[in-house]
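What you see below is based on every heavy atom in this structure, not just the backbone, and it leaves out hydrogens, waters and symmetry mates.
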Amino acid sequence: PLHCMFHRHNRELDLVHWAIDRDVKNGIKEANSLFRTPSTATRLLRTVFFSSQGQELLKHILLPTIRKIWKVSVKIELNAVRLPPPDPNDPNEVEDTIKHSLKLILGFADNVLNMVFKSVKGVPVTIRKFLLYARNTVIGVTHENGEADEDTATQLVVASLFFLRFICPAFVTPHAY
């Protein structure tokens with residue numbers, strides 16, 4: 001409701017800025033945990049990121065890899081306990097299965113990262129502004145405290161907001177998006 005009101009009056013970014021400022025001010029004590037817990041900014045981010053524009057970006061980035069995963073005919077498992085009992089005649093079966101699963105998972109992760117890098121120009125303007133403001137706010141606060149540089153702040157925002165709050169949830173539960 002709050003987001004809708006700000007959106008209707010074309011003041012969405014004001015709300016975003018307020019929420020980010022609040023989170024950074026309250027959470028900068030531990031920069032690595034910034035934007036990682038539920039907060040006004042992270043809830044607002046979900047609303048902005050998962051708008052129709054964000055949905056299209058997610059489909060573009062994730063759908064090709066998710067389709068590849070669905071087509072895999074073997075079980076992908078890294079936990080040996082969850083695998084069926086090994087064949088007594090093949091002592092390396094469990095290890096081989098885990099190695100094969102790891103290779104598949106790394107390939108899927110590589111596909112997703114490549115799609116993210118190829119899609120940077122397709123990120124909707126609202127999402128870009130959200131991330132840029134978060135990055136600049138983190139840079140400002142961390143420079144004052146002497147805790148982080150520009151690269152660290154950028155990595156923090158990209159990891160915490162773009163991947164943790166946008167890409168990962170959609171990848172883990174694609175049916176929900």
Side-chain angles (χ1 to χ4, degrees), residues 3 12 16 20 23 31-39 41-87 90 92-139 148-177:
H3 172 258
E12 186 177 44
V16 167
I20 290 171
D23 269 20
N32 289 336
S33 64
L34 191 60
F35 302 123
R36 290 183 180 264
T37 57
S39 67
T42 58
R43 283 189 289 278
L44 182 59
L45 168 121
R46 281 184 65 85
T47 303
V48 172
F49 274 14
F50 294 114
S51 65
S52 59
Q53 292 177 341
Q55 292 281 346
E56 289 304 311
L57 180 64
L58 278 176
K59 287 178 187 174
H60 177 73
I61 291 172
L62 297 177
L63 201 54
T65 302
I66 290 171
R67 285 188 175 140
K68 286 179 185 177
I69 293 170
W70 285 335
K71 290 179 182 178
V72 172
S73 59
V74 297
K75 183 175 182 176
I76 301 173
E77 183 60 67
L78 297 177
N79 185 345
V81 174
R82 293 184 177 185
L83 290 170
D87 181 353
D90 187 1
N92 296 327
E93 181 181 20
V94 171
E95 185 179 331
D96 291 344
T97 301
I98 290 173
K99 283 181 181 178
H100 181 68
S101 293
L102 183 59
K103 183 178 176 183
L104 287 171
I105 290 169
L106 290 174
F108 295 141
D110 192 48
N111 287 343
V112 170
L113 286 174
N114 285 331
M115 289 303 292
V116 167
F117 294 138
K118 289 178 185 176
S119 304
V120 168
K121 291 182 181 178
V123 175
V125 173
T126 305
I127 294 173
R128 286 177 187 228
K129 287 181 179 179
F130 191 115
L131 293 171
L132 180 64
Y133 187 82
R135 173 188 169 268
N136 291 343
T137 303
V138 170
I139 288 171
D149 59 12
E150 192 170 320
D151 289 340
T152 303
T154 302
Q155 291 169 2
L156 173 71
V157 169
V158 169
S160 297
L161 292 178
F162 191 72
F163 279 95
L164 185 66
R165 296 289 176 180
F166 185 54
I167 299 293
C168 290
F171 192 71
V172 172
T173 55
H175 58 280
Y177 300 93

**Asked** Per the side-chain contact (heavy atoms from CB on, under 4.5 Å) rule, which among Asp96, Ile76, Val74 passes with Ser101?
**Response** Ile76
Do [X] and [Y] make a side-chain contact, defined as non-hydrogen atoms from C-beta onward lying under 4.5 Å apart?
X      : Y      : value
Phe108 : Val72  : yes
Leu58  : Ile167 : yes
Ile69  : Phe171 : yes
Glu77  : His100 : no
Leu57  : Ser119 : yes
Asp23  : Thr137 : no

Reported [atom1]-to-[atom2] distance for the pair [X] and [Y], which is rounded to 0.5 angstrom:
X      : Y      : atom1 : atom2 : result
Ile61  : Asn111 : CD1   : CG    : 13.0 Å
Met115 : Leu63  : CE    : CG    : 9.5 Å
Phe130 : Glu12  : CZ    : CD    : 9.5 Å
Leu131 : Lys129 : CG    : NZ    : 13.0 Å
Leu44  : Arg165 : CG    : CZ    : 12.5 Å

**Asked** Is the side chain of Asp110 donor-acceptor paired with the backbone N or O of Leu106 at a distance under 3.5 Å, no angle test?
**Response** no
**Item:** Any donor-acceptor pair under 3.5 Å from Arg128 side chain to Val123 backbone
**Value:** yes
Can you name the closest pair of heavy atoms from [X] and [Y] and give their distance?
X      : Y      : result
Asp87  : Glu93  : N-OE1, 2.5 Å
Lys75  : Arg82  : NZ-O, 3.2 Å
Val116 : Phe163 : CG1-CZ, 4.1 Å
Ile127 : Gly54  : CD1-CA, 4.1 Å
Val94  : Ala80  : CG1-CB, 3.8 Å

**Message:** If you count heavy atoms of other groups shown closer than 6.0 angstrom to NZ of Lys103, is the number above 12?
**Reply:** no
